[in-house]
Amino acid sequence: DQQVKQNSPSLSVQEGRISILNCDYTNSMFDYFLWYKKYPAEGPTFLISISSIKDKNEDGRFTVFLNKSAKHLSLHIVPSQPGDSAVYFCAAWTAGGTSYGKLTFGQGTILTVHP
Amino acid sequence: ETGVTQTPRHLVMGMTNKKSLKCEQHLGHNAMYWYKQSAKKPLELMFVYNFKEQTENNSVPSRFSPECPNSSHLFLHLHTLQPEDSALYLCASSQDSGRSYEQYFGPGTRLTVT
């Protein structure tokens with residue numbers, strides 16, 4: 001049972017345009033949602049997060065939108081740059097009634113930004 | 001060294017070998033994690049350590065044996081692995097497991113079991 005899904009394995013965008021990466025989840029108990037970015041031969045690095053009580057969080061060129069009724073979140077990158085080319089992972093976090101929390105990841109979307 | 005480091009970066013081992021993966025974090029964190037990433041699959045949490053105590057074992061086979069001697073170091077001891085265990089093994093850390101939504105990852109060890 002995959003609780004966090006990224007249905008698009010890849011996305012190709014022209015430099016300067018908007019990149020929109022999508023993520024769906026099934027567990028309404030998630031408290032935080034995060035996006036991680038991964039370059040080849042490196043570990044995932046934290047990009048941006050949003051609390052479940054918010055619907056939007058913006059950080060520079062990156063904005064995350066959360067639609068709780070649809071159990072959907074998206075990451076917008078504007079304008080896209082070639083250096084943004086990487087694998088983007090959506091992740092969701094819940095304490096789950098334990099003394100520690102747990103991150104659940106999607107499969108990742110490969111973003112390619114063409115010059 | 002800064003952040004989270006992992007050694008070795010690549011490892012090829014036979015099914016009868018015993019090897020260990022090492023992770024070290026230089027962030028002053030108290031929680032450490034092992035993840036497995038197989039091809040075309042999401043990252044799967046394997047183990048969680050909080051203040052050196054194991055708080056999560058995500059139904060991982062006993063051929064994987066974690067060790068956390070202190071809050072900065074984490075090992076994954078491997079023995080009699082199977083070819084399907086070939087994957088990228090990632091280590092991560094967070095301030096403590098209660099704030100595990102802010103995890104910092106190492107570069108991973110690419111493991112191939114022959």
Side-chain angles (χ1 to χ4, degrees), chain A residues 1-10 23-27 29-54 57 64 66 73 86-110, chain B residues 2-10 21 23-25 27 29-59 74 87-110:
Chain A
D1 173 32
Q2 200 170 329
Q3 297 188 57
V4 178
K5 286 187 181 179
Q6 294 174 255
N7 292 314
S8 298
S10 62
C23 180
D24 297 298
Y25 63 95
T26 56
N27 186 350
M29 300 302 292
F30 286 131
D31 298 298
Y32 284 92
F33 300 89
L34 305 93
W35 286 94
Y36 279 82
K37 176 177 169 180
K38 185 180 184 302
Y39 291 118
E42 294 183 14
T45 55
F46 169 75
L47 189 59
I48 191 169
S49 66
I50 187 167
S51 164
S52 61
I53 62 173
K54 302 270 180 79
N57 186 27
V64 57
L66 176 62
L73 71 154
V87 181
Y88 287 79
F89 292 99
C90 169
W93 183 88
T94 178
T98 63
S99 61
Y100 55 92
K102 186 172 176 178
L103 270 179
T104 303
F105 286 86
Q107 313 94 302
T109 297
I110 301 170
Chain B
T2 58
V4 181
T5 57
Q6 289 186 244
T7 54
R9 296 294 306 276
H10 300 272
L21 310 184
C23 175
E24 184 173 0
Q25 58 92 3
L27 300 167
H29 288 167
N30 296 304
M32 297 187 78
Y33 311 80
W34 279 117
Y35 287 88
K36 173 184 178 183
Q37 187 179 21
S38 303
K40 301 192 191 303
K41 286 188 175 181
L43 276 75
E44 301 171 55
L45 180 65
M46 300 175 73
F47 300 104
V48 179
Y49 277 83
N50 194 34
F51 292 92
K52 303 188 297 177
E53 298 297 319
Q54 187 180 123
T55 55
E56 170 95 3
N57 177 339
N58 202 23
S59 303
L74 185 64
L88 179 68
Y89 288 85
L90 289 159
C91 172
S93 70
S94 67
Q95 184 61 44
D96 54 61
S97 60
R99 292 187 58 178
S100 61
Y101 51 84
E102 294 180 12
Q103 292 186 24
Y104 295 79
F105 285 83
T109 295
R110 175 70 62 185

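All values below come from the heavy atoms of this structure, side chains included, with hydrogens, waters and symmetry mates left out. In what follows, chains carry the letters A, B, and so on, assigned in the order in which the sequence lines appear, proteins first and then strands, with residues in each chain numbered from 1.
Here the side chains of B:Tyr33 and A:Leu103 are not in contact, with every heavy-atom distance at 4.5 Å or above.
Proximity of a side-chain donor or acceptor of A:Tyr36 to a complementary backbone N or O of B:Gln103 within less than 3.5 Å is detected.
Neither the backbone nor the side chain of B:Glu44 comes within contact range of chain A, judged by heavy atoms closer than 4.5 Å. Residue B:Arg110 does not touch chain A at all, counting heavy-atom pairs closer than 4.5 Å. With a 4.5 angstrom heavy-atom cutoff, A:Lys5 does not touch chain B via any of its atoms. When heavy atoms are compared at a cutoff of 4.5 Å, B:Leu90 approaches chain A solely by way of its side chain, counted from C-beta outward.
Shown here are the ring pair (Phe, Tyr, Trp, His ring centres under 6.0 Å) partners of A:Phe89, two or more places apart in sequence or in another chain: there are none.
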Scan the side chains in residues 39-48 of chain A for donor-acceptor partners under 3.5 Å anywhere in the protein, sequence neighbours excluded, and list what turns up.
unit_1: A:Tyr39; atom_1: OH; unit_2: A:Lys37; atom_2: NZ; d: 2.9
unit_1: A:Tyr39; atom_1: OH; unit_2: A:Gly83; atom_2: O; d: 2.7
unit_1: A:Thr45; atom_1: OG1; unit_2: A:Lys37; atom_2: O; d: 3.2

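Counting non-hydrogen atoms of neighbouring residues, nucleotides and ligands closer than 6.0 angstrom, the CD1 atom of A:Ile110 reaches no more than 12 such neighbours.
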